[in-house]
Participant: 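Please read through the structure below; I'll follow up with questions.
Numbers here simply count residues along the sequence, with the first being 1. Note that the coordinates shown come from a computational prediction; the quantities given were computed from them, not determined experimentally.
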Amino acid sequence: MFWLTLVTCFLFVSWGTAVDVNWYKNIIVYQIYPRSFKDGNGDGIGDLNGITSKLEHVADIGAKALWLSPIYKSPQVDFGYDISNFTDVDPNYGTLADFDRLIAKARRLKLKVIMDFVPNHSSNQHPWFQKSIRKVKPYDQYYVWRDAKIVNGKRQPPNNWLSNFGGSAWQWNDVRKQYYLHQFATAQPDLNYRNTALNQEMKNVLTFWMNRGVDGFRIAAINFMFEDAKFRDERRSNKTGIPKDDYDSLVHIYTKDQNETYVTLKSWRKLMDEYSNRTKSDPKLILTEAYTTHDLTIKYYNAGSNVPFNFMFINQLNNESSAMDFKRLIDKWVRTVPKGSVPNWVVGNHDNHRVATRFGRGRADDVILMSMIMPGISVIYNGDEIGMVDRKFTYAETVDPAGCSAGRNRYHLKSRDPARTPYQWNNSTSAGFSTKAKTWLPVHSDYKTLNLEAQRDIYITQYEKFKKSMMVKKRAVVAHGSLNITLCDSRILCVMRAYGRDRIFVLFGFIDVPITIDAETVLPFPSDLVVHTVIGDSELRPGTFVLSGSITIPASGAIMFATPNLLSSNDENL
Ligand SMILES: *[C@@H]1O[C@H](CO)[C@@H](O)[C@H](O)[C@H]1NC(C)=O
Ligand SMILES: *[C@@H]1O[C@H](CO)[C@@H](O)[C@H](O)[C@H]1NC(C)=O
Ligand SMILES: *[C@@H]1O[C@H](CO)[C@@H](O)[C@H](O)[C@H]1NC(C)=O
Ligand SMILES: *[C@@H]1O[C@H](CO)[C@@H](O)[C@H](O)[C@H]1NC(C)=O
Ligand SMILES: *[C@@H]1O[C@H](CO)[C@@H](O)[C@H](O)[C@H]1NC(C)=O
Ligand SMILES: *[C@@H]1O[C@H](CO)[C@@H](O)[C@H](O)[C@H]1NC(C)=O
Ligand SMILES: *[C@@H]1O[C@H](CO)[C@@H](O)[C@H](O)[C@H]1NC(C)=O
Ligand SMILES: *[C@@H]1O[C@H](CO)[C@@H](O)[C@H](O)[C@H]1NC(C)=O
Ligand SMILES: CC(=O)N[C@H]1CO[C@H](CO)[C@@H](O)[C@@H]1O
């Protein structure tokens, strides 16, 4: 009895104080798009209480952290990316007390919570902007204001910069008699990071959320934070077939990727490190979003980002890429990550077509599997685990400002609505997302068959395969093992991970018909590997040895072999 007490006591003490500095190095981060995850109050819009009620699902998919897209107070012109109060929750999503309950439940489930942080602008409804218009100090300098250029007696914007949503990036304000900069919607004036008071203000925002228990931040479009201090015109790109005022018609050398961005990020890293040191808590995670070059992305590691998003699966690879394309890009990423940092693999997000739409269903599962067996962090967008696909929208149904402002003929190229439809929980009203039949975006019509409930406990479903590959992600062989990527032939990518006696060996087929190969020529011998997971139609059953003879890789599919100790307990039921 005495000893038992002692042991319990010791465990308690070490739990309370141990800081895990490596907690994020080999995990799944699960992105939740709050408007579309789960509606807790029946108004057709997802909310915090809805998310809290479904946190068990986040734990079930094996994620260590959930990242919430913005829940800040916002007029919702850009669905939460236009913030009118950085330290409050939007009534659509609930209250700060609801947020606290979400954090408390996440703690119980040992989940970390990451907030979106949207630094490039505020809403024009924000009190700071309202005061800035009236030149109230210190707010007068919180935004980027410039005088008009007068050409032939007519008022013109200060330079040729364009908004991401099309048209000039400058908007005239008749009260202040100046233009303000908005790299996104007119209702989203850019914040001025060259102003010290504004800088401190944003640090206070980070501290506010850390005090509420947040474990890190995903910093949105960080490379838009600064613009050229001299406000020089950008030159025209040579792309053809693009309207003159479309964002893509300029080369963005003065409005993106400015050096000061990295300096500001470093100051945030320092703030967060001081915070976790002082409170003896696990280090805070910083994830940064920048659609930019490889080198400028890698540079964010040195400025303090743990996860400079690697978008290769989104913007460099697609369903027509070859095995060699995958090998080249993956090798390059792994090779260029600085020592002590880890790679990351973004499978999908709320700004792009769903992975199952970009790659087709089979190959999407290959991509998810790849993200799991690679070292580092796998970033999964809600719904990818069950294979949700884009829904087609008419122009009239479109609500995303990026789509609406592109107009009737081009909205489908820009709108992000197709990837943002409600999560498909089951086959009842609104896919179990809401009790209301009319939801803020329509539910995809395939929900009757494609939903989480229908995929539970049937081992051939996307979800069960996802869970099996997730279990491998948690193993030491994936966290610490060596990595060897080869082309077994021009159509087959072979990935080997090895750690001690543990082995994972995956054959990915890059052709839309089955490929039959001789086991002895591809499997590493002597082999003690068994079939672990199969993507695509196959006779192969998990747990079987394949030592010789032929192996057939399903069309656009994959076979993962592993040492038998890596089979999850689930396999015993098969
Ligand atoms: C933001 O909201 C909080 C909580 O409701 C409030 O205390 C604070 O004054 C607001 N901040 C601004 C700048 O309006
Ligand atoms: C467009 O510019 C790029 C480099 O900026 C160049 O490689 C390419 O050849 C140009 N294309 C055309 C059609 O001029
Ligand atoms: C930005 O920094 C890089 C090196 O870090 C330097 O080569 C470049 O000239 C700098 N650019 C500007 C505009 O200062
Ligand atoms: C936090 O603590 C670590 C380990 O003690 C130390 O290396 C680091 O310099 C500290 N960082 C800050 C910003 O205080
Ligand atoms: C790839 O996807 C595109 C667009 O979805 C489709 O048109 C094309 O046929 C697909 N190609 C292959 C090889 O699956
Ligand atoms: C469908 O899912 C919702 C949310 O999880 C739940 O409230 C509802 O009871 C489910 N319906 C059925 C028929 O299982
Ligand atoms: C709805 O889902 C349940 C559980 O997955 C299933 O038993 C039932 O047959 C489904 N109903 C319809 C109409 O598809
Ligand atoms: C990677 O695997 C290939 C094929 O099995 C082998 O020839 C090569 O030596 C391996 N490379 C390393 C670094 O282990
Ligand atoms: C850095 C930043 O806040 N970027 C955001 C700028 O605005 C657009 C549109 O609202 C968002 O999509 C970016 O994430």
Participant: First locate atom CE of M312, then atom CG of N344, and finally report the distance between them rounded to the nearest 0.5 Å.
Facilitator: 9.0 Å

Participant: Is there a side-chain contact between S53 and K38 (heavy atoms, below 4.5 Å)?
Facilitator: yes

Participant: Under 6.0 Å from the CD atom of E56, do we count more than 12 heavy atoms belonging to anything else shown?
Facilitator: yes

Participant: Can a salt bridge be assigned to the pair D100 and K105 using a cut-off of 4.0 Å between side-chain N and carboxylate O?
Facilitator: no

Participant: Hey, are D446 and Q424 close enough side-chain-wise for a donor-acceptor pair under 3.5 Å?
Facilitator: yes

Participant: Should D390 and H353 be marked as a side chain to side chain donor-acceptor pair (under 3.5 Å) after you check the CA-CA gap, both sets of side-chain angles, and the distance that decides it?
Facilitator: CA-CA 6 Å; D390 280 13; H353 298 295; 2.6 Å; yes

Participant: Salt bridge check, D400 against R416: does any charged N sit closer than 4.0 Å to a carboxylate O?
Facilitator: yes

Participant: Looking at W209 versus F86, is the centre-to-centre ring distance below 6.0 Å?
Facilitator: no

Participant: Checking side chain to side chain donor-acceptor pair (under 3.5 Å) for the pair S322/D325: CA distance, chi angles, key distance, verdict?
Facilitator: CA-CA 5 Å; S322 67; D325 295 334; 3.2 Å; yes

Participant: So which of W345, W333, F508, F510 actually passes ring pair (Phe, Tyr, Trp, His ring centres under 6.0 Å) with F326?
Facilitator: F510

Participant: I'd like to know if the side chain of S538 reaches the main chain of L540, judged simply by a donor and an acceptor atom lying under 3.5 Å from each other, with no hydrogens or angles considered.
Facilitator: yes

Participant: Ignoring hydrogens and geometry beyond distance, is a side-chain donor-acceptor pair present between N211 and Y275 at under 3.5 Å?
Facilitator: yes

Participant: Counting C-beta onward and ignoring hydrogens, is there a side-chain heavy-atom pair between T544 and V530 closer than 4.5 Å?
Facilitator: no

Participant: What's the spacing between I28 CD1 and I380 CD1 if we round to 0.5 Å?
Facilitator: 6.5 Å

Participant: For the side chain of R541 and the backbone of V531, is there at least one donor-acceptor N/O pair under 3.5 Å apart?
Facilitator: no

Participant: Quick one: CG on N319 to CZ on R361, what's the gap to the nearest 0.5 Å?
Facilitator: 14.5 Å

Participant: Could you check whether any side-chain heavy atom of I51 comes within less than 4.5 Å of a side-chain heavy atom of L68, counting everything from C-beta outward?
Facilitator: yes

Participant: Is the distance between the ring centroids of F37 and Y423 less than 6.0 Å?
Facilitator: yes

Participant: Rounded to the nearest 0.5 Å, what separation is found between the NZ atom of K25 and the NZ atom of K64?
Facilitator: 14.5 Å

Participant: Are any of the side-chain heavy atoms of R218 and M115 separated by less than 4.5 Å?
Facilitator: no

Participant: If we ignore hydrogens and angles and just use 3.5 Å, is the side chain of E464 paired with the main-chain N or O of T461 as donor and acceptor?
Facilitator: no

Participant: Looking at R391 and D417, is there a salt bridge between them, counting it only when a charged N and a carboxylate O are closer than 4.0 Å?
Facilitator: no

Participant: Heavy-atom distance under 4.5 Å between the side chains of I535 and L369, does that happen here?
Facilitator: yes

Participant: Does the distance from a Lys or Arg side-chain N to an Asp or Glu carboxylate O, for D90 and R35, drop under 4.0 Å?
Facilitator: no

Participant: Applying side-chain contact (heavy atoms from CB on, under 4.5 Å) to Q188 and N124, what does each step give before you reach the verdict?
Facilitator: CA-CA 6 Å; Q188 298 169 317; N124 60 356; over 6 Å; no

Participant: Check whether any side-chain heavy atom of V307 sits under 4.5 Å from a side-chain heavy atom of V29, and report yes or no.
Facilitator: no

Participant: Is the centre of the F393 ring less than 6.0 Å from the centre of the Y411 ring?
Facilitator: no

Participant: Could you tell me which non-hydrogen atom of L529 sits nearest to which non-hydrogen atom of T563, and how far apart they are?
Facilitator: CD2-N, 3.6 Å

Participant: Side chains of N85 and T87: any donor to acceptor distance under 3.5 Å?
Facilitator: yes

Participant: Would you call K414-D246 a salt bridge at under 4.0 Å N-O?
Facilitator: yes

Participant: Pick from F309, Y33, F217: which one makes a ring pair (Phe, Tyr, Trp, His ring centres under 6.0 Å) with W67?
Facilitator: F309

Participant: Other residues, nucleotides and ligands only: do more than 12 of their heavy atoms fall within 6.0 Å of CG on D43?
Facilitator: yes

Participant: Between S434 and W440, does any side-chain donor sit less than 3.5 Å from a side-chain acceptor?
Facilitator: no

Participant: Around atom CG of L413, are there more than 12 heavy atoms of other residues, nucleotides or ligands at under 6.0 Å?
Facilitator: yes

Participant: May I ask you to check whether over 12 heavy atoms, not counting those of R408, lie within 6.0 Å of atom CZ?
Facilitator: no

Participant: Tell me if the centroids of the rings in H121 and F129 come within less than 6.0 Å of each other.
Facilitator: no

Participant: Can you tell if the side chain of I314 reaches within under 4.5 Å of the side chain of V346, non-hydrogen atoms only?
Facilitator: yes

Participant: Just how far is it from atom CZ of F117 to atom CD of E289, taken to the nearest 0.5 Å?
Facilitator: 14.0 Å

Participant: Under 4.0 Å between a Lys/Arg side-chain N and an Asp/Glu carboxylate O for R354 and D384?
Facilitator: yes

Participant: Test your reading of the model: is there a side-chain donor-acceptor pair from E385 to the backbone of G383, 3.5 Å cut-off?
Facilitator: yes

Participant: State whether D98 and R101 are salt-bridged, where the test is any N-O pair (Lys NZ or Arg NE/NH1/NH2 against Asp/Glu carboxylate O) under 4.0 Å.
Facilitator: yes

Participant: Among side-chain atoms of S84 and S123, is any donor-acceptor pair under 3.5 angstrom?
Facilitator: no

Participant: With rounding to the nearest 0.5 angstrom, report the OH to OG distance, Y93 to S69.
Facilitator: 9.0 Å

Participant: Just wondering, do N349 and F311 contact through their side chains at under 4.5 Å, heavy atoms?
Facilitator: yes

Participant: Can a side-chain donor-acceptor contact be found between D502 and N565 if the only test is distance below 3.5 angstrom?
Facilitator: yes

Participant: For Y291 and N352, which I'm curious about, is there any donor-acceptor pair between the side chains at under 3.5 Å?
Facilitator: yes

Participant: Output, in order, the C-alpha distance, side-chain angles, deciding distance and verdict of side-chain contact (heavy atoms from CB on, under 4.5 Å) for Q76 and F79.
Facilitator: CA-CA 4 Å; Q76 306 289 332; F79 300 111; 4.1 Å; yes

Participant: Does D60 come within less than 4.0 Å of R456, counting only side-chain N to carboxylate O?
Facilitator: yes

Participant: Between H532 and F505, is the ring centroid distance below 6.0 Å?
Facilitator: no

Participant: Would a line drawn from the ring center of Y381 to the ring center of Y30 be shorter than 6.0 Å?
Facilitator: no

